[in-house]
Amino acid sequence: DGQTILERVKEEAYDKERRLEILRREKEMQELSECTFSPNLRDRTMTSASNPVIVRGLGRHIELKNKATRQKFDQKQREARAFCAITPNKLTPTIQKPFKLTTSARSKVRHRNN
């Protein structure tokens, strides 16, 4: 019984939404029918497309982009020199040396005397 009530409520909400949408469309159509404006469109041919288009400031933009790229490259080189960045092919393996852990002062003295 609860399911049928829920379905009925959903159906009524759906029907209401459909009615409102129809009313919105009718109102919009009525408003559009009252419009008197009609644009005068001419057929323009693309004759100007054969001529090159001049964009002001494009040369300066490209110049600034190249300068920024150069500055980033220079910055990375300076960082590599300053922080001694080691590339993986220059890594040397760690050489392990044996060691002994001492726990008492006597063993330290014996170790020094030997």
Side-chain angles (χ1 to χ4, degrees):
D1 189 37
Q3 280 291 359
T4 56
I5 293 173
L6 181 62
E7 288 174 11
R8 208 171 334 128
V9 168
K10 285 183 181 180
E11 239 180 83
E12 288 174 5
Y14 178 74
D15 289 341
K16 182 179 178 182
E17 186 61 37
R18 277 195 322 186
R19 284 193 306 266
L20 288 174
E21 183 64 30
I22 291 170
L23 289 175
R24 280 188 212 114
R25 285 185 192 159
E26 288 176 356
K27 183 178 178 184
E28 184 180 353
M29 292 302 287
Q30 182 183 4
E31 289 174 358
L32 288 175
S33 68
E34 294 171 359
C35 290
T36 58
F37 174 76
S38 62
N40 182 12
L41 301 176
R42 293 183 288 168
D43 229 2
R44 290 189 179 184
T45 58
M46 298 299 277
T47 57
S48 64
S50 62
N51 298 333
V53 178
I54 298 172
V55 179
R56 295 186 64 196
L58 181 63
R60 177 73 174 149
H61 171 74
I62 292 172
E63 178 185 339
L64 291 175
K65 290 292 277 182
N66 290 339
K67 183 178 179 181
T69 304
R70 220 174 22 252
Q71 285 177 342
K72 284 181 185 178
F73 178 74
D74 292 344
Q75 177 71 23
K76 286 183 187 252
Q77 283 185 333
R78 283 192 304 273
E79 286 175 0
R81 280 194 310 256
F83 301 120
C84 298
I86 299 173
T87 57
N89 59 357
K90 292 184 180 178
L91 293 176
T92 57
T94 304
I95 299 172
Q96 300 175 356
K97 295 181 179 178
F99 61 93
K100 293 182 181 178
L101 296 175
T102 57
T103 56
S104 66
R106 255 195 263 172
S107 62
K108 284 182 185 178
V109 172
R110 274 190 275 167
H111 183 63
R112 282 188 209 159
N113 291 337
N114 291 338

Original post:
Do R25 and E21 sit within salt-bridge range, that is, some charged N less than 4.0 Å from a carboxylate O?
Top reply: yes

Subject >> Heavy-atom neighbours of Q30 CD exceed 12 at 6.0 Å >> reply: no

Original post:
Considering residues, nucleotides and ligands other than E63, do more than 12 of their heavy atoms fall under 6.0 Å from its CD?
Top reply: yes

Original post:
Taking atom CZ of R60 and atom CD1 of I62, what is their separation to the nearest 0.5 Å?
Top reply: 12.5 Å

Original post:
Does M29 belong to the same Ile/Leu/Val/Met/Phe/Trp/Tyr cluster as L23, with side-chain heavy atoms less than 4.5 Å apart forming each link?
Top reply: no

Original post:
When rounded to the nearest 0.5 angstrom, what is the spacing between CZ in R24 and CD in E17?
Top reply: 5.5 Å

Subject >> Side-chain touch R8/E12, heavy atoms, less than 4.5 angstrom >> reply: yes

Subject >> Verify same cluster id: L58, L64 (apolar side-chain graph, 4.5 Å) >> reply: no

Original post:
If you measure from the Lys or Arg side-chain nitrogens to the Asp or Glu carboxylate oxygens, is any gap between K76 and E79 under 4.0 Å?
Top reply: no

Subject >> Atom pair CG/CG of L20 and D15 - distance to nearest 0.5 Å >> reply: 11.0 Å

Original post:
For Q96, does the CD atom have more than 12 heavy-atom neighbours from other residues, nucleotides or ligands under 6.0 Å away?
Top reply: no

